[in-house]
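Since the structure comes first, as structure tokens, the remarks are kept for the end.
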Amino acid sequence: MDTTKTVLIAGGSGLIGKQLTKMLKERGYSVYKLSRNAGKQGYIQWDPKMKTVDEKHLDRIHILINLAGANIGDKNWTSARKKELIDSRVQSTAFLSEIAAKMPKLTYYIGASGVNCYDISQQKVFQETDHYGTDFLSTLVRDWETASDRFQGICPYMKLRIAMVLSNAGGSLNAMKGPIKFGLGSPLGTGNQYHPWIHVDDLCRMVLFGIDQKLEGTYNAVAHCDTNRTMMKGIAKYMHRPFFLPAVPSGILKFILGERSMLVLSDLRVSNDKIKNAGFEFKFEPLNKALKALFSK
Ligand SMILES: NC(=O)c1ccc[n+]([C@@H]2O[C@H](COP(=O)([O-])OP(=O)(O)OC[C@H]3O[C@@H](n4cnc5c(N)ncnc54)[C@H](OP(=O)(O)O)[C@@H]3O)[C@@H](O)[C@H]2O)c1
């Protein structure tokens, strides 16, 4: 491997980007982050909405990784927020494909997308070849991936359909820990719905694997799928907190979270056969192993 390569991560200031930066640097890569709030060393300023970018350093970039996007779980999905969730991904990705012209050394692109893109009305374990669903997130992912396809003819590229990322630096695990910390741990909805998940280090290892193998196409980034009950109970165990309360009814979650409740209520099982068949080995699965690693830090 050429360890002198330079990577640019759009949205590199976020949960995944921070850990990925660390792991890329450990592997000898030089890393820049594309941010709307640059200023610190190693950051490059851009404004994907206004289509502006500081062109300094772009001629050094060999690998471009796109993690940019307004946070899906943070706020209620009003129509204005939905527009922001879409634009911050689709327009940003399209703009990245335009500024790729200013990266003469660019040899590889990885675009993030999400695993919540399948037609969950079907009861099956979804493969990458299955159709998109028709709900808001599915169409968002479809349009986001279509924007990534603009890299066709620019360089080889991979699209990663990322599952719920488990990290002790924030994100979904933090949200699940919230009620458990106060002794209020319980399943959400029936608790029987499956959530695909991945440990943040495995996700970053998958990015490194993609770079090493120059993988092309779409891959589910999923270590395993477990029920909500299993996940909540497992987290409570590692937090040494009780887990006996009855499940929170779906209706209450729908009332509080609105359409966003699908993030916790939808029942989705997704296959990781494709990436395993490409030779990738997960380090943090099953769930117990991932949680043990996360809670031992
Ligand atoms: N974490 C998960 O569980 C998960 C699961 C599936 C998919 N993904 C996807 O993977 C990507 C990275 O996830 P993450 O958890 O690291 O996200 P994150 O912590 O929310 O960070 C995303 C980054 O995107 C940039 N961003 C935010 N709003 C933006 C906007 N309106 N326009 C352009 N850029 C914006 C921000 O960078 P600046 O403020 O520096 O510009 C931010 O640091 C996201 O696209 C996310 O949808 C994540």
Side-chain angles (χ1 to χ4, degrees), residues 8-24 31-54 64-75 77 80-96 99 110-118 136-138 140-145 147-148 158-176 195-204 206-207 218-223 225 231 260 262-264 266 268 270 290 294:
L8 177 63
I9 311 176
S13 62
L15 180 76
I16 300 168
K18 280 187 193 140
Q19 183 62 9
L20 181 59
T21 301
K22 184 172 164 270
M23 289 171 67
L24 282 163
V31 181
Y32 287 101
K33 299 182 193 193
L34 203 50
S35 169
R36 295 160 307 152
N37 306 297
K40 285 188 262 174
Q41 209 194 348
Y43 278 75
I44 297 175
Q45 180 80 36
W46 76 328
D47 183 340
K49 215 184 251 179
M50 301 305 291
K51 293 181 120 190
T52 58
V53 63
D54 179 355
L64 176 60
I65 300 171
N66 179 12
L67 301 174
N71 195 287
I72 300 268
D74 263 6
K75 296 181 183 165
W77 293 353
R81 183 62 178 169
K82 280 185 174 178
K83 184 172 177 339
E84 193 174 0
L85 294 175
I86 297 167
D87 290 351
S88 63
R89 289 175 170 76
V90 179
Q91 287 182 3
S92 301
T93 304
F95 182 50
L96 279 178
I99 60 178
I110 297 180
S113 88
V115 86
N116 282 86
C117 64
Y118 297 106
F136 169 66
L137 277 188
S138 298
L140 167 57
V141 169
R142 182 198 64 202
D143 295 350
W144 195 8
E145 293 187 349
S148 275
M158 169 167 74
K159 293 174 279 188
L160 276 182
R161 288 185 176 159
I162 303 172
M164 176 201 298
V165 175
L166 298 183
S167 155
N168 51 22
S172 301
L173 182 59
N174 231 25
M176 291 190 279
H195 300 312
W197 59 267
I198 186 166
H199 186 293
V200 67
D201 285 8
D202 268 344
L203 174 60
C204 297
M206 241 176 111
V207 169
T218 307
Y219 288 85
N220 292 327
V222 174
C225 303
M231 294 190 79
R260 191 167 48 126
M262 72 159 297
L263 293 173
V264 286
S266 59
L268 175 64
V270 173
L294 288 162

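Computed over heavy atoms, backbone and side chain alike; hydrogens, waters and symmetry mates excluded. Read the numbers this way: they start at 1 and go in the same order the structure lists the ligands and their atoms.
Distance from atom 9 (C) of ligand 1 to its nearest protein heavy atom, with residue and atom name: Trp144 CH2, 4.1 Å. The shortest contact between atom 12 (C) of ligand 1 and any protein heavy atom is with Leu67 O, 3.3 Å. The single protein non-hydrogen atom nearest to atom 3 (O) of ligand 1 is Val165 N, 2.9 Å, given as residue, atom name and distance. Among protein heavy atoms, the minimum distance from atom 42 (C) of ligand 1 is reached at Ser13 OG, 3.9 Å. Protein heavy atom in closest approach to atom 16 (O) of ligand 1: Ile16 N, 2.9 Å. Remark: minimum distance from atom 47 (O) of ligand 1 to any protein heavy atom is reached at Arg89 NH2, 2.7 Å. From the protein, the heavy atom lying nearest to atom 39 (O) of ligand 1 is Arg36 NH2, 2.8 Å. The nearest heavy-atom contact from the protein to atom 19 (O) of ligand 1 is Leu15 N, 2.9 Å.
Backbone and side-chain nitrogen or oxygen atoms of Ser88 are examined, and none is located within less than 3.5 angstrom of a nitrogen or oxygen of ligand 1.
No donor-acceptor pair closer than 3.5 Å links the side chain of Ser266 to the backbone N or O of Leu263. The closest donor-acceptor contact from the side chain of Asn168 to the backbone of Leu294 lies under 3.5 Å. In this structure, the side chain of Arg81 does not engage the main chain of Ile72 through any donor-acceptor pair within 3.5 Å.
Heavy-atom contacts of Ser35 reach the following atoms of ligand 1: 38 (P), 40 (O), 41 (O) (cutoff under 4.0 Å). Under a 4.0 Å criterion applied to the non-hydrogen atoms of Asn37, ligand 1 contributes the atoms 39 (O). Of all atoms in ligand 1, listed by their number and element, those nearer than 4.0 Å to a heavy atom of Ser113 are 7 (C).
Closest to atom 24 (O) of ligand 1 by heavy atom, among Gly69, Gly14, Ala10, is Gly69.
Not counting sequence neighbours, the partners of Lys83 by the side-chain contact (heavy atoms from CB on, under 4.5 Å) test are Asp87.
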Could you pull out every donor-acceptor pair under 3.5 Å between side chains of residues 31-41 and any protein atom, sequence neighbours left out?
residue : atom : partner : partner atom : Å
Tyr32   : OH   : Arg60   : NH1          : 2.5
Lys33   : NZ   : Gly12   : O            : 3.4
Ser35   : OG   : Asn37   : N            : 2.8

